[in-house]
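Worksheet: one structure, shown below.
Below, all heavy atoms of this structure are taken into account, side chains as well, without hydrogens, waters or symmetry copies.
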Amino acid sequence: MKRRTFLAGTTAAAAALTLELPAVAAPADFAALRAKWAAALTGSAAIDPADPDYAAALGRLDTAVKASLAKLDRTATRTLVFTDQPLTADASIPNTYVRLEQWATAWSTPGSQYHADPALLSDVQAALETMDQLIYNPSTVEFGNWWSWEIGATRPLANVMVLLYDELPAATRERYCAAIDHFVPDPYQMFPPERGPIVSTGANRVDLCQAVIVRSLVTEDEAKLTHARDGLSDTWQYVTSGDGFYRDGSFVQHTWVAYTGTYGHVLLNGIGKLLALLANSPWAVTDPKRQILFDSVAKAYLPVVHDARMMDFVRGRAVSRYNASDHDDGYTAMEAILRLAQGVESTLAAQWRAAVAGWVQRDTFGNVLSGATIPRVALIKSLQGMTPAPERNGHTLFAGMDRSIHRRSGWAYSISMASQRIAYYECGNGENDQGFHSGSGMTYLYDRDNGQYADAFWPTVDRYRLPGTTVDKLPLAPKAGGEWGAARPTTTWVGGSTLDGYAAVGQDLQGPASPMRARKSWFCLDEYIVALGAGISGSSGYPVETIVENRNLHSIGTNTLTVNGIPQVPAVGDSAAVAARWAHLDGVAGYVFLNGSPTLQLRREARTGSWRDINTGGPTTPITRRYLTMWLDHGVDPTAATYAYLTAPGASVARTKQLSQSSGLLILRNTADVQAVLSGDLLLVNFWKAGRVAGLTADSPCSVIRRVRGREIDLAVSDPTQRASVITLHLLLPGAKVLSVDEGVTVRRTPLGIDVSVNIAGAAGATRTLTVRG
């Protein structure tokens, strides 16, 4: 994996760590940490060769070693180590060291056919020397991707030296460590040749610190160990912009990209390993702010995993990798959480472990132990006897990264948006060059189809008809908008408000590399999600469409589509246009159209693509999947077009028809100024401008939820633009009495009701609430 980051600001003070160190560390302390790290790398303490899962993991390790041994160049004048890894390519350097780490791991692992094998040890030693003599040494200047030199190579090389510590002469270890020191003189910085030194952040900081900490064990360098350990502290401080954790649980990397699902779990996994390594040593991490990291499991990670799937809208360009599905990243998150659970108090650890056990139990697409390393096998097996926890109901709005997740029993509905703060998508290194519309309000329905997005969705889906999006069909060039998160709109109203598991979410949508504009809202309720669109306009000369659904039916799916009670497009290749009051896709959801009977475009098709289409490193093998697509065509260059529909996940045909006749839902407003719905005791409003609806007046743009509970009224308000300092609301409610208010909320009674002033300076899109009695 290659990485790139951008300067996000200065590093936080590493002095946050407070330790009392001995004047001189004892050699035994370093020896203990070397043994501990080696045991973590091999999982040797838990191995039971008679257990089929451990036996399979050992077999995979041995197979990998055997395969790479077959590619070893054994000529006396070799200019590389492996015949398929020319050292003129920067990526070959980490690839070579990763293979050598596998060899060292197998040599060190009881039960491996290569355990203590003198021939393999000789090959490792010779290969390390070849790399040192030919390229990875203090006289070499980096070329290509900085990551290959500073992270990709340093971590496996350091690991090899710990695993083979007693088999490498001291002078040899010193030389190899000097190479690491040359490429990473300070883990607080990165040195990409084209940019000069910049501050390392997030997952990159953790990876660099890991390399230096493990390297420090080899030469027993306490100064390097302490400096690198202290650098970890920056990664768990809250940030308000750029890379890192936000107070609402958002995690951003590369300055503009929602990245909990890849860089985020790399960070969590790395820190978990290092905290465990240093625990009960003279260098144990005691920074009290490490609690932020522990809190992030519930705030940042648990919400974005559903039944073992890491949600794609926080996986960035990784969605284009053929060998890294949402399940693969979900499994990595499981491992990271379980490892971190070993270092927290028992009650919290039990909650995390129960959540992971639930994911394992409900994973019907993959198997976390398939392809697992020995350490992962040990962690998953430690869950035996644990009662699995169900997925939690509720709503999580990540205002810091323009993401929203609505959960109810059996399903989750996620929304991916973009703003001036967060990119539409990320591409780079030849990955995900056509992901440009995934931030245009794409919605993901996670239900019992555990493989919806893992089963070749991204290489086969129509990338101009991603579900939930409103899209200008203007053809876009690959990398439209720029690489590495540069593709961002200028709009700021993106986010919403939440109240006890309900949400009003909105996006002021500006089409990527297009003049198209739209105001999109999602009102998230118990049984369904209401989607409203207004102010939809375009001037590119191409049609604008809103995609109601685009479902992967896999290789042979025949899910019945019913519209107004009549089956439609039954055969692959069928298309139709139907005036629709309601529609139902068997096994997926019901859809009810709330503005009459708009013409619904329907298509059932088989789509063929390859991973190479979306990733230059992917296979060219053709893949075919069936899709059922429903969309609303707003025409060429529309002006002020609208839409209104609801999605009821898991609803039956009968229930969908019933909802079309009596949903209990009223659309109060659907304009470019205000979008609002009333559902029972809930009023949900997105004010794009100052306005009034249902006795509620807003003096500026905001998102509001009002709930009536008998004589009591709850009010929740936020500033999705994250630019205002005060929001003022007027509520028509004579004689109202204030019962409670959040910090920053003040209320003034008037003859007709109350004036509410909400100080939201620095709130970063967070919701503020109050309760009054009428």
**Prompt:** Gln507 side chain to Lys520 main-chain N or O, any donor-acceptor pair under 3.5 Å?
**Reply:** no

**Message:** Quick one, Asp714 with Arg709, criterion salt bridge (Lys or Arg N to Asp or Glu O under 4.0 Å). Give me CA distance, side-chain angles, the key distance, then yes/no.
**Reply:** CA-CA 8 Å; Asp714 303 313; Arg709 296 181 291 120; 2.6 Å; yes

**Prompt:** Do Thr721 and Asp719 meet the criterion of a side-chain donor-acceptor pair at a distance under 3.5 Å?
**Reply:** yes

**Message:** As an exercise, state the distance from CE of Met442 to OG of Ser416, rounded to the nearest 0.5 Å.
**Reply:** 7.5 Å

**Asked** Would Phe593 and Leu600 satisfy side-chain contact (heavy atoms from CB on, under 4.5 Å), going step by step from the backbone distance to the final call?
**Response** CA-CA 10 Å; Phe593 299 92; Leu600 183 64; 3.7 Å; yes

**Prompt:** Should we count CD of Glu743 as having more than 12 external heavy atoms under 6.0 Å?
**Reply:** no

**Request:** Please identify each residue that fulfils salt bridge (Lys or Arg N to Asp or Glu O under 4.0 Å) with Arg669, with sequence neighbours left out.
**Result:** none

**Message:** Tell me if the centroids of the rings in Tyr591 and Tyr645 come within less than 6.0 Å of each other.
**Reply:** no

**Request:** Go through the structure and list residues passing salt bridge (Lys or Arg N to Asp or Glu O under 4.0 Å) with Lys657, not counting sequence neighbours.
**Result:** none

**Request:** Verify whether the ring centers belonging to Tyr413 and His406 lie closer than 6.0 Å.
**Result:** no

**Message:** For a side-chain hydrogen bond (donor to acceptor under 3.5 Å, both in side chains) check, start with the C-alpha distance between Trp359 and Glu391, then their side-chain angles and the critical distance, and finish with the verdict.
**Reply:** CA-CA 8 Å; Trp359 296 338; Glu391 294 286 358; 3.1 Å; yes

**Request:** Using modelled atom types only, decide if a donor and an acceptor are shared between the side chain of Asp363 and the backbone of Ala308 within a distance under 3.5 Å.
**Result:** no

**Sequence-distant partners of Arg488, salt bridge (Lys or Arg N to Asp or Glu O under 4.0 Å), two or more places apart** = none

**Chi angles and distances behind the side-chain contact (heavy atoms from CB on, under 4.5 Å) call for Thr629, Asp462** = CA-CA 9 Å; Thr629 313; Asp462 184 339; over 6 Å; no

**Asked** Taking atom CZ of Arg247 and atom OG of Ser296, what is their separation to the nearest 0.5 Å?
**Response** 13.5 Å

**Prompt:** Side-chain contact, heavy-atom cut-off 4.5 Å: Phe523 with Leu682?
**Reply:** no

**Request:** Considering non-hydrogen atoms only, spot the tightest contact between Val544 and Pro638 and give its length.
**Result:** CG2-CD, 3.7 Å

**Request:** For residues Val530 and Leu525, determine if any side-chain heavy atom of one lies less than 4.5 Å from a side-chain heavy atom of the other.
**Result:** yes

**Request:** Please tell me if the side chains of Thr642 and Ile536 come closer than 4.5 Å, counting only heavy atoms from C-beta onward.
**Result:** no

**Request:** Over all heavy atoms of both residues, which pair between Thr490 and Gln510 is shortest? Give the atoms and the distance, please.
**Result:** OG1-OE1, 2.8 Å

**Heavy-atom donor-acceptor pair, Gln675 side chain to Arg519 backbone, under 3.5 Å** = yes

**Prompt:** Can you check whether Tyr263 reaches Phe251 side chain to side chain, under 4.5 Å on heavy atoms?
**Reply:** yes

**Prompt:** Going through the checks in order, is the salt bridge (Lys or Arg N to Asp or Glu O under 4.0 Å) test met by Arg551 and Asp447?
**Reply:** CA-CA 12 Å; Arg551 200 70 177 167; Asp447 57 12; 3.0 Å; yes

**Request:** Measure centre to centre between the rings of His437 and Tyr424, then say whether the value is under 6.0 Å.
**Result:** no

**Message:** salt bridge (Lys or Arg N to Asp or Glu O under 4.0 Å) for Arg707 and Asp500? Distances and angles first, verdict last.
**Reply:** CA-CA 10 Å; Arg707 179 177 59 183; Asp500 293 343; 2.6 Å; yes

**Nearest non-hydrogen partners of Thr443 and Trp522, listed with the distance** = CG2-NE1, 3.7 Å

**Message:** Counting C-beta onward and ignoring hydrogens, is there a side-chain heavy-atom pair between Val305 and His265 closer than 4.5 Å?
**Reply:** no

**Prompt:** Between Ala399 and Ala764, what is the shortest heavy-atom contact and its length?
**Reply:** CB-O, 3.4 Å

**Request:** Would you please say whether a donor-acceptor pair under 3.5 Å links the side chains of Asn550 and Trp631?
**Result:** no

**Complete:** Between the CZ atom in Phe687 and the OG1 atom in Thr697, the distance rounded to the nearest 0.5 Å is 7.0 Å

**Message:** I'd like to know whether OH of Tyr464 has more than 12 heavy-atom contacts from other residues, nucleotides or ligands below 6.0 angstrom.
**Reply:** yes

**Message:** Any salt bridge linking Arg421 with Asp402? Criterion: basic side-chain nitrogen under 4.0 Å from a carboxylate oxygen.
**Reply:** yes

**Message:** Does anything in residues 301-311 form a side chain to side chain donor-acceptor pair (under 3.5 Å)? List the pairs, not counting sequence neighbours.
**Reply:** His306-Arg309, Asp307-Arg362

**Request:** Kindly say whether Val505 contributes a backbone atom to a donor-acceptor pair with the side chain of Asn686 at under 3.5 angstrom?
**Result:** yes

**Request:** In plain terms, say whether Asp742 and Arg768 are close enough for a salt bridge, that is, a side-chain N and a carboxylate O under 4.0 Å apart.
**Result:** no

**Message:** With a 4.5 Å cut-off on side-chain heavy atoms, are Arg706 and Ile713 touching?
**Reply:** yes

**Request:** Step by step, work out the side-chain contact (heavy atoms from CB on, under 4.5 Å) result for Val747 and Asp755.
**Result:** CA-CA 6 Å; Val747 179; Asp755 291 343; over 6 Å; no

**Item:** Partners meeting salt bridge (Lys or Arg N to Asp or Glu O under 4.0 Å) with Asp455 (sequence neighbours left out)
**Value:** Arg625

**Message:** Keeping Asn432 on the side-chain end and Glu426 on the backbone end, is there a donor-acceptor pair under 3.5 Å?
**Reply:** yes

**Side-chain H-bond candidate by donor/acceptor type, Thr767 with Ser497, under 3.5 Å** = no

**Asked** Is the side chain of Arg315 donor-acceptor paired with the backbone N or O of Met310 at a distance under 3.5 Å, no angle test?
**Response** no

**Asked** Do Thr260 side-chain atoms and Ala300 backbone N/O form a donor-acceptor pair below 3.5 Å?
**Response** no

**Request:** May I ask you to decide if the ring planes of Tyr425 and Phe436 are parallel, tilted or perpendicular, using 30° and 60° as cut-offs?
**Result:** perpendicular

**Prompt:** For Val704 and Cys702, what are the C-alpha separation, side-chain angles and deciding distance, and is it a side-chain contact (heavy atoms from CB on, under 4.5 Å)?
**Reply:** CA-CA 7 Å; Val704 182; Cys702 61; 3.7 Å; yes

**Message:** Below 30° counts as parallel, above 60° as perpendicular, anything between as tilted: where do the rings of Tyr444 and Tyr453 land?
**Reply:** perpendicular

**Prompt:** What pairs meet the side chain to side chain donor-acceptor pair (under 3.5 Å) rule with one or both residues in residues 526-537, with sequence neighbours excluded?
**Reply:** Arg408-Asp526, Tyr502-Asp526, Glu527-Arg655

**Message:** With a 4.5 Å cut-off on side-chain heavy atoms, are Val471 and Glu545 touching?
**Reply:** no

**Asked** Backbone N or O of Gln601 within a donor-acceptor pair of the Asp633 side chain at under 3.5 Å?
**Response** no

**Item:** Side-chain (Glu549) to main-chain (Pro467) donor-acceptor, under 3.5 angstrom
**Value:** no

**Request:** Answer yes or no: is there a donor N or O on one side and an acceptor on the other, between the side chain of Ser514 and the main chain of Met516, under 3.5 Å?
**Result:** yes

**Asked** With a 4.5 Å heavy-atom cut-off, do Thr656 and Val653 have their side chains touching?
**Response** no

**Item:** Separation between CZ of Arg407 and OH of Tyr446, rounded to the nearest 0.5 Å
**Value:** 10.0 Å

**Request:** Could you pull out the closest heavy-atom pair between Asn595 and Tyr643, with the gap in Å?
**Result:** ND2-CA, 3.9 Å

